[in-house]
Amino acid sequence: MTTIQRPVIVGVDGSPAAFGAVRWAADEAVRLRLPLRITHALGVPGPPEEITDEQGLVLNAAVEARRWYPGLHVTTSTWFGQPAHALREQSRHAELVVVGSRGHGGFHSLLVGSVGVQLAGYAYCPVLVVHHAERWSGPEAQLPSHGPVVVGTDGSAGGLLALEAAFGEASARRVPLVAVRVWQPPASRLARRPDPDKLAAELDADLERLRAKDPAVEAEARVRQGVPVPVLLDEARDALMIVLGARGHGGFTGLHLGAVAQHVLEHADSPVLIARH
């Protein structure tokens with residue numbers, strides 16, 4: 001019986017940031033023991049020579065990926081259409097989609113409505129947005145191997161999914177995990193005030209269940225009072241990666257990406273992993 005492996009997919013556009021994203025995607029593929037697919041959206045069909053040049057982008061990126069990780073199974077693909085739509089469609093059959101936060105051509109800078117935010121909100125699998133990915137585009141650049149994986153969780157289904165994804169990353173990378181739960185005093189005096197001790201106990205219980213998978217992971221629970229986005233960005237100043245669920249408690253159920261996830265995605269310095277089913 002043949003098992004079909006869902007690949008790690010990375011979008012490229014020829015920019016240095018895209019090559020840095022390929023470095024991260026290849027590293028994730030090796031850790032997950034999955035194939036890597038490098039893809040590029042061609043936009044509208046152009047002259048044959050232009051299409052050939054565009055296809056050369058993915059072929060060159062594939063050569064580099066194989067050089068970085070000999071033995072890694074790498075395939076390439078080119079699509080006509082908008083990059084966000086092309087990657088979203090491919091995410092239906094992927095384990096992870098990786099993009100750089102800034103690029104040129106099809107992959108614009110990461111602002112509201114751009115490729116990274118659209119994928120974070122609408123992809124069918126987890127999405128890794130690599131901020132300042134050009135830092136790892138050169139052959140001499142080493143991917144970070146130290147620093148904790150920081151995860152923001154609020155006890156919701158999305159928060160628990162993020163916690164599981166973050167624990168898996170920390171376990172695979174052999175780095176500490178910092179789980180952060182942020183609470184705010186109620187706006188109305190009539191509303192019930194959160195109990196920080198209860199929140200800490202709940203977070204500890206969630207981590208204890210995950211420790212059974214890998215007791216070697218050094219996992220720390222932190223419960224802080226404040227506004228979620230500034231607190232999470234502060235906790236992640238030296239993080240290897242930030243992990244969040246696409247949505248948590250509160251907000252409007254019709255929205256596909258919560259306000260906290262979107263603001264962290266826009267302002268973080270570290271790569272951000274948005275956990276999605």
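One-based numbering along the sequence shown.
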Could you go through Val22 and Glu64, starting from their C-alpha distance and side-chain angles, then the distance that decides it, and tell me whether this counts as side-chain contact (heavy atoms from CB on, under 4.5 Å)?
CA-CA 9 Å; Val22 172; Glu64 291 299 306; 5.9 Å; no
Heavy-atom pair with the smallest gap, counting every atom of Ala170 and Val217
CB-CG1, 4.2 Å
Just verifying a value: how many Å separate Leu203 CG and Glu208 CD, rounded to the nearest 0.5 Å?
11.5 Å
Taking atom CG of Leu96 and atom CH2 of Trp24, what is their separation to the nearest 0.5 Å?
11.5 Å
Does Glu28 come within less than 4.0 Å of Arg173, counting only side-chain N to carboxylate O?
yes
side-chain contact (heavy atoms from CB on, under 4.5 Å), that's the test. Do Arg23 and Leu143 meet it? Break it down for me.
CA-CA 8 Å; Arg23 292 285 300 276; Leu143 293 182; 4.1 Å; yes
Can you check whether Ala239's main-chain N or O pairs, donor with acceptor, with Ser270's side chain at less than 3.5 Å?
yes
On a heavy-atom basis, which atom in Gly152 and which in Ala162 lie closest, and how many Å separate them?
O-CB, 4.2 Å
Testing the basics here: between Ser137 and Pro16, what is the closest heavy-atom pair and its distance to 0.1 Å?
CB-O, 3.1 Å
Please answer: with hydrophobic residues joined when any side-chain heavy atoms are less than 4.5 Å apart, are Leu34 and Leu128 in the same cluster?
yes
Test log, rule side-chain contact (heavy atoms from CB on, under 4.5 Å), inputs Val151 and Glu169
CA-CA 11 Å; Val151 55; Glu169 287 285 345; over 6 Å; no
Indicate if Trp68 and Leu32 have the same hydrophobic cluster label, given that clusters are the connected sets of ILVMFWY residues with side-chain heavy-atom separations under 4.5 angstrom.
yes
Cationic N near anionic O, under 4.0 Å, Asp27 to Arg31
yes
Would you say Asp269 and His131 make side-chain contact, with heavy atoms under 4.5 Å?
no
Test your reading of the model: is there a side-chain donor-acceptor pair from Arg276 to the backbone of Ala120, 3.5 Å cut-off?
yes
Any donor and acceptor pair, going by atom type alone, linking the side chain of Thr39 with main-chain N or O of Ser77 inside 3.5 Å?
yes
Would you say the side chain of Leu199 lies within less than 4.5 Å of the side chain of Glu202, judging by non-hydrogen atoms?
yes
Atom CZ of Phe19 and atom CG of Asp13: how far apart are they, to the nearest 0.5 Å?
9.5 Å
For atom CD of Glu218, is the number of surrounding heavy atoms from other residues, nucleotides or ligands below 6.0 Å larger than 12?
no
Partners meeting side-chain contact (heavy atoms from CB on, under 4.5 Å) with Thr75 (sequence neighbours left out):
Arg37, His73
Quick one: pull up CG in Leu161 and OG in Ser156 and give me the separation to the nearest 0.5 Å.
9.5 Å
Examine distances only and state if a side-chain atom of Arg33 and a backbone atom of Val30 form a donor-acceptor pair shorter than 3.5 Å.
no
Ignoring hydrogens and geometry beyond distance, is a side-chain donor-acceptor pair present between Arg88 and Tyr124 at under 3.5 Å?
yes
Could you measure the distance from the CD atom of Gln5 to the NE2 atom of His93? Nearest 0.5 Å is fine.
16.0 Å
Any side-chain heavy atom of Tyr69 sitting closer than 4.5 Å to one from Leu36?
no
Quick one: are Arg174 and Asp214 in side-chain contact, heavy atoms under 4.5 Å?
yes
Please answer: with hydrophobic residues joined when any side-chain heavy atoms are less than 4.5 Å apart, are Leu160 and Val149 in the same cluster?
no
If you apply the rule side-chain contact (heavy atoms from CB on, under 4.5 Å), what do you find for Val227 with Gln184, and how did you get there?
CA-CA 7 Å; Val227 180; Gln184 295 176 269; 4.0 Å; yes
Between the CG atom in Asp154 and the CG atom in Leu163, the distance rounded to the nearest 0.5 Å is 10.5 Å
Would you mind reporting whether Cys125 and Glu95 have side-chain heavy atoms less than 4.5 Å apart?
no
Quick one: does Thr153's side chain get under 4.5 Å of Asp206's, heavy atoms only?
no
Closest non-hydrogen contact found for Val223 with Pro196 is CG1-O, 4.1 Å
For Arg192, I'd like to know if atom CZ has over 12 heavy atoms of other residues, nucleotides or ligands within 6.0 Å.
no
Would you mind checking if Arg211 and Asp204 are paired as a salt bridge, meaning a charged N to carboxylate O distance below 4.0 Å?
no
Are more than 12 heavy atoms from other residues, nucleotides or ligands located less than 6.0 Å from atom CG of Asp238?
no
Hey, are the side chains of Pro194 and Pro186 touching, using non-hydrogen atoms and a 4.5 Å cut-off?
yes
Which heavy-atom pair separates Val231 from Gly226 by the least distance, and what is that distance?
CG2-CA, 4.1 Å
Quick one: does Arg222's side chain get under 4.5 Å of Val178's, heavy atoms only?
yes
So which atom in Ala29 and which in Pro35 form the shortest heavy-atom distance, rounded to 0.1 Å?
CB-O, 4.2 Å
